[in-house]
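Read through the structure below, which is laid out as structure tokens, and then see the notes.
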Amino acid sequence: MVITMRGVTKVYRGQARALSGVDLTIENGMFGLLGPNGAGKTTLMRILAGILRPSAGSVVVDGIDCSTERGRTAVKRMLGYLPQELGVYPDLNAREFLDYIAVLKGLNDGRARRARVAELLETVGLADVAGRKLKTYSGGMKRRVGIAQALLNDPRLLIVDEPTAGLDPEERIHFRNLLVDLGGERIVILSTHIVEDIAQTCQRLAVLDKGRIIFTGTIPALVDVARGVVWTVTTTGPRPQGTVIAMLRSGEAAQYRILSEQAPVVAQGIVAPAEPGIEDGYVWLMRDQQSAGAMAELTPVASA
Amino acid sequence: MNSAFLRRIGQELRILGALNLLAPLIVAAIYLGFSLIVGYATLHNSGSPADARFQAARGLLALLENGLPLIGGLLAAFVVGSDPAIELHLAAATPYRFTAGLRLALIILWTTLCTGGAALVITAAGYWLAILQSLSIGESILLWLAPLLWFIGAGATLALLLRSRAASGALLGMVWIAQFIFKPQFLQNGVLERVYLFLTEEAGVPSYWLANRLILLAIALALLGLTMLLLGRSESLLGGEH
């Protein structure tokens with residue numbers, strides 16, 4: 001299965017431009033979509049899910065052209081989707097809610113549907129509380145209901161938008177493992193601004209900023225973006241120059257993880273180069289974008 | 001009707017909620033109570049049972065022509081105005097237009113049953129106004145069906161255009177109140193009298209009564225058609241309140 005996006009642009013009413021000429025090819029496996037809040041990730045997810053139509057460009061999913069209503073409906077039949085903000089019907093219990101969503105997804109065989117709902121309630125650890133109304137659920141429990149509903153139709157394309165928001169660390173690990181298990185024979189697109197979630201699950205990723213794809217590649221390739229610019233600085237003096245990624249204070253001294261093209265200069269302390277991580281690569285990439293943006297603003301536009 | 005569809009209807013009714021479904025019955029009980037009080041007060045003041053009966057019957061006519069239609073419109077605005085699981089609906093193979101249309105149909109069916117049932121009970125109890133005796137059965141149904149569908153169509157359309165239950169409910173309430181405040185202007189204008197919603201209650205059965213009901217019905221059907229069109233706009237549906 002392959003998803004191909006060419007020149008996808010989305011301009012909302014009121015002229016807000018959410019996406020600009022996005023080109024992306026996604027193949028089977030786990031694919032991460034990383035970017036700051038407001039980068040356009042949710043818009044991209046909604047276009048892939050057939051919820052929104054792009055203003056320009058094309059989306060082809062497994063050979064199906066999504067520019068038509070028929071095409072979008074065909075994609076929805078193979079889709080599992082967990083939105084960023086999952087709304088539920090508070091007076092239904094988890095079993096009733098999942099049964100209802102299963103009907104919407106076209107699971108019309110009552111016996112098979114009930115069996116699938118029971119299986120997924122077990123998978124997400126809600127079987128014991130499946131009879132409780134959803135309005136009594138915590139945020140994390142609702143998130144698990146959301147995960148279960150996305151899997152109801154055993155989707156070939158699974159799109160999850162900020163899936164681990166509201167989950168405790170144990171639940172996050174459980175869910176990440178579940179996603180990796182699912183990512184074999186299907187496409188799983190994980191959109192998040194949590195770098196750690198991508199690092200632990202995805203083979204490939206794209207980084208989106210201000211509606212544009214600024215990076216596509218593997219996790220090691222993103223890590224390499226920051227190679228040679230990561231430093232650890234231990235000092236009792238003032239904060240060194242550069243982008244501070246982490247800081248650990250121990251008595252008078254502080255240890256910094258710094259991103260800087262040049263080795264930071266400190267009066268008292270130790271400076272050493274460090275191996276980059278995915279977070280370093282991401283931050284350096286975003287910093288480059290901001291610098292490029294600032295330069296573009298400073299550069300006078302030639303007038304005719 | 002197969003069992004899967006019946007099950008779906010059961011699910012939609014659960015989502016609508018018991019309180020919303022009880023609302024028309026609560027309104028009917030309130031109007032009935034006020035009608036009885038007005039009848040009793042008239043009897044107490046004038047001593048005329050005929051006057052008391054007339055005043056009570058007028059109150060019950062108001063239930064059919066302006067009480068239950070308003071609640072129908074508010075329910076329609078509530079049902080299509082927002083859905084907490086809208087994004088899941090839009091990502092599902094079943095079109096949201098079908099789901100919202102089904103919910104709206106359930107509201108129409110339920111409020112029609114309530115209003116029609118109330119009309120039957122009023123008639124059986126002998127509180128059907130004498131001036132309405134000339135109406136055929138079809139016209140007697142039009143008496144309440146036209147404003148009922150008008151309010152339902154207006155409520156649904158406003159909710160989708162404004163993307164707010166509160167704003168659409170408030171506007172619908174303003175339209176309802178305006179019918180009383182601007183009654184003289186409506187009834188003295190050759191065009192406005194044809195679209196006056198509470199014509200029977202305020203003016204009886206004038207010569208243009210049937211035209212008024214048919215025009216209201218036509219507007220209602222146009223509004224319901226517009227509602228179905230608006231339900232296809234995913235981008236707009238996502239922008240509503242949650």
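So you know, we letter chains A, B, ... as the sequences are listed, proteins then strands, and number each from 1.
Around the CZ atom of B:Phe34, the shell of radius 6.0 Å holds no more than 12 heavy atoms that belong to other residues, nucleotides or ligands. Within a 6.0 Å sphere centred on CD1 of B:Ile181, heavy atoms belonging to other residues, nucleotides or ligands number more than 12. Environment of CH2 in B:Trp110: sparse, with no more than 12 heavy atoms of neighbouring residues, nucleotides or ligands closer than 6.0 Å. Environment of CZ in A:Arg212: sparse, with no more than 12 heavy atoms of neighbouring residues, nucleotides or ligands closer than 6.0 Å.
Between chain B and the options A:Thr73, A:Asn108, A:Val103, A:Val75, the largest number of non-hydrogen pairs under 4.5 Å is found for A:Val103. Annotation: maximal heavy-atom pairing with chain B below 4.5 Å, among A:Glu96, A:Lys105, A:Arg77, occurs at A:Glu96. For the set A:Leu86, A:Ile159, A:Leu82, A:Asp99, the count of heavy-atom pairs under 4.5 angstrom toward chain B peaks at A:Asp99.
Against chain B, the residues from residues 50-70 of chain A that qualify, each with a non-hydrogen atom under 4.5 angstrom away, are A:Ile51, A:Leu52 in number order.
Under the salt bridge (charged side-chain N to carboxylate O under 4.0 Å, His left out) criterion, the residue pairs touching residues 114-128 of chain A are A:Arg116-A:Glu119, with sequence neighbours excluded.
Not counting sequence neighbours, A:Tyr137 has no partner by the ring-ring contact (aromatic ring centres under 6.0 Å, His included) test.
In this structure, chain B has a heavy atom under 4.5 Å from the side chain of A:Phe97, while its backbone stays farther away. Contact annotation for A:Leu104: both backbone and side-chain heavy atoms come within less than 4.5 Å of a heavy atom of chain B.
Separation of atoms CD (B:Glu87) and CZ (A:Arg46) is listed at 4.0 Å; rounding is to 0.5 Å. Here OG1 of B:Thr94 is found 10.0 Å from NZ of A:Lys76. Values are rounded to the nearest 0.5 Å.
The heavy-atom pair separating B:Leu88 from A:Tyr81 by the smallest distance is CD2-O, 3.8 Å. Listed here is the closest heavy atom pair of B:Ala85 and A:Gly87: CB-O, 3.4 Å. Residue B:Glu235 comes nearest to A:Arg13 through the heavy atom pair OE2-N, 3.8 Å, listed as atom of the first residue, atom of the second, then distance.
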Under 3.5 Å, side-chain donor or acceptor atoms of residues 98-105 of chain B against the rest of the protein: list the pairs with distances, not counting sequence neighbours.
residue: B:Thr99; atom: OG1; partner: B:Arg8; partner atom: NH2; Å: 2.9
residue: B:Arg103; atom: NE; partner: B:Glu12; partner atom: OE1; Å: 2.6
residue: B:Arg103; atom: NH1; partner: B:Asp83; partner atom: OD2; Å: 2.5
residue: B:Arg103; atom: NH2; partner: A:Tyr89; partner atom: OH; Å: 3.1
residue: B:Arg103; atom: NH2; partner: A:Tyr100; partner atom: OH; Å: 2.9
residue: B:Arg103; atom: NH2; partner: B:Glu12; partner atom: OE1; Å: 3.3
residue: B:Arg103; atom: NH2; partner: B:Asp83; partner atom: OD2; Å: 3.4

